[in-house]
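Contents: one structure, followed by commentary.
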Amino acid sequence: MEKETKCIQGGYTPANGEPRMIPIIQSTTFKYDTSEDMGKLFDLEESGYFYTRLQNPTNDYVAAKICALEGGSAAMLTSSGQAASFFAVFNICGAGDHVIASSAIYGGTYNLFNVTMRRMGIDFTFVDPECSDDELNAAFKPNTKAVFGETIANPALTVLDIERFASMAHSHGVPLIIDNTFATPVNCRPIEWGADIVTHSTTKYMDGHDASVGGCIVDSGKFDWFAHADKFPGLTTPDESYHGITYAEKFGLKGAYITKATAQLMRDLGAIQSPQNAFYVNLGLESLHVRMPRHCENALKVAEFLEAHEKISWVNYPGLKNNKYYERAKKYMPEGTCGVVSFGVEGGRAAAERFMSGLKIAIIATHVADAHTCVLHPASATHRQMKDEELVAAGVSPDLVRLSVGIENVNDIITDLKQALELV
Ligand SMILES: *Cc1c(COP(=O)(O)O)cnc(C)c1O
């Protein structure tokens with residue numbers, strides 16, 4: 001199937017007489033005839049459902065659709081994008097381990113790594129995604145377990161050289177984890193470029209309508225855990241909490257990583273998406289391939305308008321020909337990047353705030369990447385915990401305004417921007 005068909009039909013094929021639409025299985029528990037039947041599920045001897053804290057059929061249908069879109073081998077939904085980032089990393093490392101992350105990542109992920117996961121004893125090195133190969137190489141340590149980056153960074157809008165990061169990670173025997181939230185699998189499939197694990201905040205374009213918070217993790221099934229068995233004992237040695245099964249042995253390379261994340265992390269931490277929210281994500285996925293091209297088309301027109309405006313000091317959009325990442329974006333995302341544009345208003349922070357308060361169609365919201373046009377000043381909102389030098393390292397200047405271009409009529413959006421700029 002092509003991606004458009006996968007958006008509509010992937011992940012769920014009803015049998016004779018079953019509902020056409022993915023059903024919402026709004027049930028915490030599942031019934032079994034004998035204790036033995038249920039025991040087999042608890043032992044991971046058979047696959048099936050017993051408690052929605054770990055797994056639910058609605059979620060699995062939707063995860064299977066995202067898995068098909070990304071070209072992965074297995075996937076799971078999580079309660080949020082934050083939970084997806086946390087699980088994706090924590091599934092393969094623990095106290096005493098080390099992870100390399102691009103410094104140009106989402107502010108929430110940066111805090112998760114740099115503050116909360118450090119408190120768990122995991123060490124992080126943040127590298128400039130444009131650093132030299134030598135610098136990247138030098139960031140690896142004997143205890144490094146993963147490399148993490150974003151296809152298009154939120155909000156810096158830098159485009160990661162996924163192939164380079166993948167080959168560097170692989171030469172050190174560790175997987176590359178890519179947060180593909182902004183590009184979505186409609187525009188970029190990181191697994192085709194060497195990524196091993198892909199994460200999403202489904203809250204953004206996948207849901208696409210401001211309706212539900214959620215996340216997803218997709219495993220490519222390609223990383224050979226056994227080839228680096230000493231680095232990944234959690235996958236290659238027996239799990240005593242499941243009667244000594246070894247995930248990579250019992251579930252193979254295609255299933256081990258997601259099964260472990262479900263069986264251990266969901267069991268113990270329970271950050272599962274509600275089936276109702278998974279249903280909304282599926283509705284969004286069905287039109288994702290129609291919405292993404294429109295987001296990109298509108299964003300390009302808005303970026304061109306802003307670029308020509310005298311009160312705008314700079315515009316950053318990887319779809320603009322003069323953008324630093326234009327060529328790389330064309331390679332990884334030939335059909336378009338995303339709907340998010342960032343820019344600076346002449347006059348800095350105060351001018352940006354005046355401009356934003358004059359907007360009528362573009363609303364101020366701590367959100368991006370959905371049907372409604374919205375705008376945010378990261379330095380005073382999502383990134384306010386970061387110091388100025390951390391902001392700069394993350395590619396976020398204090399005057400940066402992030403505009404998420406929706407799929408309204410683009411002339412209305414531009415008219416709105418125009419009148420708000422007149423007030424500055
Ligand atoms: C929003 C976002 C997240 C976090 O997702 P939530 O669903 O808000 O928890 C992670 N990564 C990126 C790139 C995001 O834009």
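Indexing begins at 1, ligand by ligand and atom by atom, following the structure's order.
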Enumerate the pairs of nitrogen or oxygen atoms, one from ligand 1 and one from the protein, separated by less than 3.5 angstrom; state names and distance to 0.1 Å.
from     : atom 1 : to     : atom 2 : distance (Å)
ligand 1 : 5 (O)  : Ser201 : OG     : 3.0
ligand 1 : 7 (O)  : Gly81  : N      : 2.8
ligand 1 : 7 (O)  : Ser201 : OG     : 2.8
ligand 1 : 7 (O)  : Thr203 : OG1    : 2.6
ligand 1 : 9 (O)  : Gly81  : N      : 3.0
ligand 1 : 9 (O)  : Gln82  : N      : 2.9
ligand 1 : 11 (N) : Asp179 : OD2    : 2.6
ligand 1 : 15 (O) : Asn154 : ND2    : 2.8
ligand 1 : 15 (O) : Lys204 : NZ     : 2.6

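The pair Lys145-Asp97 meets the salt-bridge criterion, since a charged nitrogen lies less than 4.0 angstrom from a carboxylate oxygen.
Residues passing the side chain to side chain contact (heavy atoms under 4.5 Å, CB included) test with Val127, sequence neighbours excluded: Ile100, Thr125, Cys131, Leu136, Ala139, Phe165.
Taking both residues in full, the closest heavy atoms of Ala104 and Ala156 are given as CB-CB, 4.4 Å, listed atom of the first, atom of the second, then distance.
The ring of Phe223 has its center closer than 6.0 angstrom to the ring center of His228.
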Do any side-chain atoms of residues 368-376 form donor-acceptor pairs under 3.5 angstrom with protein atoms, and if so which ones, sequence neighbours left out?
from   : atom 1 : to     : atom 2 : distance (Å)
Asp370 : OD1    : His372 : N      : 2.9
Asp370 : OD1    : His372 : ND1    : 2.6
Asp370 : OD2    : His367 : NE2    : 3.3
His372 : ND1    : Asp210 : OD2    : 3.1
Thr373 : OG1    : Gly406 : N      : 2.8
Thr373 : OG1    : Glu408 : OE1    : 2.6

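For residues 257-292, the set of pairs meeting the ring pair (Phe, Tyr, Trp, His ring centres under 6.0 Å) definition, not counting sequence neighbours, comprises Trp225-Tyr257.
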